[in-house]
Structures are given as C-alpha cells and as structure tokens.
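Just below is one structure, and these are the notes that go with it.
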Amino acid sequence: MAKGLTSRSESFPEWYNELVRKADLAENSAVRGCMVIKPYGFAIWELMRDQLDKMFKETGHVNAYFPLFIPKSYLSKEAQTVEGFAKECAVVTHHRLMNNPHGEGVVVDPDSKLEEELIVRPTSETIIWSTYKNWIQSYRDLPILINQWANVVRWELRPRLFLRTAEFLWQEGHTAHATADEAIDETLTILDIYKRFAQDFMAVPVLPGVKPLHEKFPGAVDTYTIEALMQDGKALQSGTSHFLGQTFAKAFDVTFLSHENKQEYVWASSWGVSTRLMGALIMTHSDDEGLVLPPLLAPFQVVLIPLYKKDDEKEKIMEFSIQLEKDLRARGIRVKLDQDEQKRPGWKFAEWELKGVPIRIAIGSRDMENNQLEFARRDTKEKFFVPMEERFDRIEGLLKEIQDNLFNRALKFREENTFQANSWEEFQALIEKGGFVYAHWDGTTETADKIKDETKATIRCIPEGIAEVGKCIYSGKESGQRVVFAKAY
RNA sequence: CGAGGUGUAGCGCAGUCCGGUUAGCGCAUCUGCUUUGGGAGCAGAGGGCCGCAGGUUCGAAUCCUGCCACCUCGACCA
C-alpha cells in the first residue's frame, strides 16, 4: 500500500489529487488555477506530443505559430465565439510598470494604457482566420493544413490539475478547404487520429461521435468528440474536432477564386487535444498503489533495482546492472537504473510503483547465482523469475502484453459500465450508478436541459450507425436513435 | 459569482471555545552507529513575523474589526 495515498473507494477526487502530486506529475503554483508540470509529468506529455505530432505530419499537416495575444475586436467579429468565451478571458490593458510613487514595489503605469485591449487566447480561430485572409486568394492556395502547439488561457473558477486549469497546453489544428466535403473529411480524419492515439498509445478506449447542437463548440457547425469513461463512472471529453463550415470565413471575409472562376467563402475545420489527456490517462489505469502507465507513454518502461549488502557484491551487481541498462537502451527501451544509495530497496519498489513504471527488474546476488532475474509487472502486480538468457525477449514481449492488457482491462470496464435505459426510472437509477447510458432523446435542447437539471447527466455524444426508432425517455416523443448520456468532468 | 470551511516549521496537523512558563506532535531534513530481497531502528540536532493590518489587555496563536489567500460544494467550461 502506497504511503498516504487515499484509496479510490474512499474518495476518488482525493486519490486523484494525491496521486498527481505524489507521482511527481504536477503541482499547484503561486498563480491560482495554473499548474507547474514537473519533469516526470512533462516527460509523459512529451511522449504524447511527439506521437500526435508524427500522426499529424503523416497526414500532411505542418506546424506553425500564431500570437498569444488577440486584439479584442477580433473576438467580437464572430458572435458565437464571444458568447462562448467572453466569461473566461484574461485581458491585457497596460504594457508598463513603474516604481510605486507612494511606497514599496511596482504599480501599473497608468500612462501605459493600451489603445486596444489584448485578449490572451482562449483558442486561436480569430487570429488565424484574420491571417488566412491574406494567404488565400485562389483554390491553388488550398488546402491549408496547419497545427500549432501552444498554451491557452481560460479563466477557470474551479481548477483541477490537468482536468481543468486556467492555463493549459494543447495543440490546435486550423485547416482551410475549397469544399465542405473536404473540410468534413478533414474533421473526421482527425477524429480518427485522436481515436487511434487514445486507444493504441494511451490504451484508453474512447467513444467517437458528434455532439448535440447545444454542446458544440461556439462557431462550429458540428463538433465531433471522443469520450472516455473514467474509473469513477464519469465521462471525460478527451478531444474535439470541429467542422466550422464557413462561419469564420464569413466573419473574417476569407474568399477564394474557384475553378469555375467564382468568389467563394473558404470551408474550415479546427481540432484539439490538451494536457487534459493526462487526466484521462491517470483516471483510466491507475490504482491504489499509484500511477499505472501504458508502456508506449512511460518515460521509463523498465526500472532496474540493484540489491546488494557488501562491497564485493556491489561491484559485481553494479557491473551487471550497468551492462543490462546499456543493452536495453540499445534495443530502444526506455530504462532507468536506480543507483540511489540513500534509499533502500523496499522504498524504491514502492516509489517506482507509485510512478507507474510498467516493468521492474530486481538484480541481487541470489539471482546472479541462479542465473535469473526477478521481474514484477505493474499492471497485474505479478512477480516471477526469468532465466537470464530470456531476458530481452521477455521484456519486449511483456511491454506489448502490458500495453494490450491495459487497453483490454479498460475496455472491459467500459463495457461493464455501459447500459441501455428504456424508461425514465431506469435512466435515473443507471445514471446514479455511473457509466455510459444509451437512451432515446427527442432531439430538443429543452429536454436535454431538464434531464441535466434532474440527474446532472449530459449527452456526451451521438455515436454513428445505431439508428433505432424509439420514444424519448423524458418526453415520450419520437426519437430516431439512442444517444449516450453520462455525468461528466 | 453564491454558500460553507480553513490559514500555526518543507508537508500533514494539535493548541484557539475558557488569553498567562521557552508554541507542541507526526513525516521530511541534518549528524552518528547498526541496517539494506517490500516505504529501516536507536540516539541526538536544526528549523516558526502562529495569513496580513489594526484594536482590546499588564500580557494575544487564542478576544474584536477589516483585509488577503486557499479548500469544499453549487452555476460555467477542454
């Protein structure tokens, strides 16, 4: 049992908070709502980022960078964007400080007031489309497939590490196309990348689908989402891909001359995933002993713990350990040899479990004599001995096995917590239990609002291809298909 | 932004009701010895503007007033 880690059954939110801190992922900062991502946590984010970046580039996207500050007037050009983000924007009003004429410290120089205030970007559609206007004249300039890795600020009143912070890191893709079909294709291509990334790398099963209109991104025609189910039965929106239609092209007057020699508005998509994915990763796999990481995203896939008492033992053990570290590294495995002499082995075992390292190998004199190594896998907590000559094959095999096991385990959990509700009473009971609930809905925002008021459940997404006629569980009106309800983060 | 709560050592807390020795405990830190295959034991040591500013009092962590910060719960959100 990890020292001082609250169990999930005792309090899931507390468990999460303590885990994030104790596993050295992140901590609160001096600025309310902003987090410090610590090196170990950032290493995981870097692995996610590198993989996503690779997938974007494989599908023809390029990276660029747009400014942090957005002129206030840009936001007012697109009415829905204002409505969506106005309540959570940080605003820059001055550009200079001065020594306090009445005392200690510095004050804002009143003479440095900006003529036009600047908004710290909550998302970059407006500044990007005001730029695309200059880049696009003819169909020959299309498509534009740009992504940027950036920080954004949304002034949150109730922050939680990784899940909801005032500043967060993300990528935002912004594409421009000649036709609606092309933009929709792009939107769905990215949704598929997100799904594959979540499932194949994070080992997190996700449910792709489209958001109902009242849950979509302001300014989008359609918002697609991947929804994941956390261990406490709550859903986490883990990525979104928007078909923006011509909303931003019209707001910023971005037109192109088509094949047919006609001026037409450009079609758009935008899409993003953020450091919130860290929250999904943690809340999907981890247990009461700490973090559990899928091998593909583990900063260290294998940790080596040397065990020795006397100095003559130490020399032999260390020589072997250093060689094993080199051999594993040469095979492309991320490995950590824990050489800390201040800490005892038991402490190290617990510490690396807390940090979620998939495979631990203990190396002691007894093992040397028996020509074997003691393996421990983090996901199942099994311990077993591996003959020396099999060590490389077993490590490589185990990493794949653990990756698969985590996904299958999470998928099984989701299946066991996915239900169908056919009456209002049934729906209420199932939502109270937690999990995904498939139910008929009459398609109106009014009904969705009432369901939310009474149960706190929202429509997470409308999955594709499950057409089935039925009656709305709340209003009893006609419904063309089931939608997925859950309580959400 | 509404409603509650909490600010005491790096972290977690007791003490505050009912004012009165040198403000205490656990973890962490430092020193020494013994330990080292599942978060070591013993002995010793260091560390505090008791959130901030006023007030009451011979005397304030403790009582009063104001401010600030953080946490939990609601409304909003990736």
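Letters go in sequence order (proteins before strands), and every chain restarts at 1. Worth saying up front: this structure is predicted, and the values here are computed from it rather than measured.
- With B:A40, B:A78, B:G39 as the candidates, the nucleotide lying closest to the side chain of A:Arg344 is B:A40.
- B:C63 and B:G24: their C1' atoms are spaced 22 Å apart (whole Å).
- Taking A:Lys343 as the reference, nothing meets the salt bridge (Lys or Arg N to Asp or Glu O under 4.0 Å) condition, with sequence neighbours excluded.
- Between A:Lys343 and the phosphate of B:A40, there is no side-chain N or O to OP1/OP2 separation shorter than 4.0 Å.
- Rounded to a whole angstrom, the distance from the P atom of B:U29 to that of B:C68 is 38 Å.
- Scanning for side-chain contact (heavy atoms from CB on, under 4.5 Å) contacts around A:Ser238 gives A:Ile226, A:Ala228, A:Leu236, A:Leu277, A:Ala280, with sequence neighbours left out.
- When the C1' atom is used for both B:C49 and B:G32, the distance is 34 Å, rounded to whole Å.
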Inset, instruction - Could you encode protein contacts along nucleotides 4-14 of chain B as a string, one character per nucleotide from 5' to 3', using B for base contact, S for sugar-phosphate-only contact and - for no contact, with a heavy-atom cut-off of under 4.0 Å? - result: -----------

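- For A:Glu27, the salt bridge (Lys or Arg N to Asp or Glu O under 4.0 Å) test picks out A:Lys38, with sequence neighbours left out.
- Looking at A:Arg360, its side chain comes within 3.5 Å of the base of B:G38 through a donor and an acceptor atom.
- Listed by residue number, the members of residues 184-197 of chain A with any heavy atom below 4.0 angstrom from RNA chain B form an empty set.
- Note on A:Lys452: a side-chain N or O is less than 4.0 Å away from OP1 or OP2 of B:C76.
- Judged by the 6.0 Å distance and 45° axis criteria, A:Arg360 is positioned over the aromatic ring of A:Phe349.
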Could you list all N or O pairs between the protein and nucleotides 68-72 of chain B that sit under 3.5 Å apart?
| unit_1 | atom_1 | unit_2 | atom_2 | d |
| --- | --- | --- | --- | --- |
| B:C71 | OP2 | A:Arg32 | NH1 | 2.9 |

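- Counting only residues at least two apart or in different chains, salt bridge (charged side-chain N to carboxylate O under 4.0 Å, His left out) contacts with residues 185-204 of chain A comprise A:Asp192-A:Arg196.
- Counting only heavy atoms from C-beta on, A:Arg154 has its side chain closest to B:A78 among B:G39, B:A78, B:G37.
- Counting atom types as modelled, A:Arg164 pairs a side-chain N or O with a base atom of B:C77 as donor and acceptor under 3.5 Å.
- Spacing between B:U56 and B:C13 at atom C1', rounded to whole Å, works out to 30 Å.
- Under the salt bridge (Lys or Arg N to Asp or Glu O under 4.0 Å) criterion, A:Glu341 pairs with A:Lys314, sequence neighbours left out.
- Counting any heavy atom pair closer than 4.0 Å across all strands shown, A:Lys456 reaches sugar-phosphate atoms only and no base atom.
- Remark: A:Lys450 is not positioned above the aromatic ring of A:Tyr474, lacking an NZ or CZ atom under 6.0 angstrom from the ring centre and at most 45 degrees off the axis.
- Residue pairs that meet the ring-ring contact (aromatic ring centres under 6.0 Å, His included) test with at least one member in residues 267-314 of chain A, sequence neighbours left out, are A:Phe56-A:Trp271, A:His61-A:Trp271, A:Phe300-A:Trp352.
- Here the nucleotide nearest the side chain of A:Glu351, chosen from B:A40, B:G39, B:U36, is B:G39.
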Inset, instruction - For each nucleotide in nucleotides 42-47 of chain B, reading 5' to 3', give B when a protein heavy atom comes within less than 4.0 Å of its base, S when such contact involves only the sugar-phosphate, and - otherwise. - result: ------

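- Evaluation of the ring pair (Phe, Tyr, Trp, His ring centres under 6.0 Å) rule for A:Phe427 yields A:Trp424, A:Phe485 as partners, not counting sequence neighbours.
- As judged by a 4.0 angstrom heavy-atom cut-off over every strand, A:Thr240 is placed among residues making no nucleic acid contact.
- Picking from B:G38, B:U36, B:C76 the nucleotide with the shortest atom distance to the side chain of A:Ala350 gives B:G38.
- Taking only distance into account, the side chain of A:Lys383 meets the base of B:G38 through a donor-acceptor pair shorter than 3.5 Å.
- For the C1' atoms, the distance from B:G26 to B:G20 is 28 Å, rounded to whole Å.
- A:Asp222 meets the salt bridge (Lys or Arg N to Asp or Glu O under 4.0 Å) test with no other residue; sequence neighbours excluded.
- Candidate nucleotides B:U36, B:C77, B:G38 were compared by shortest atom distance to the side chain of A:Glu156, and B:C77 ranks first.
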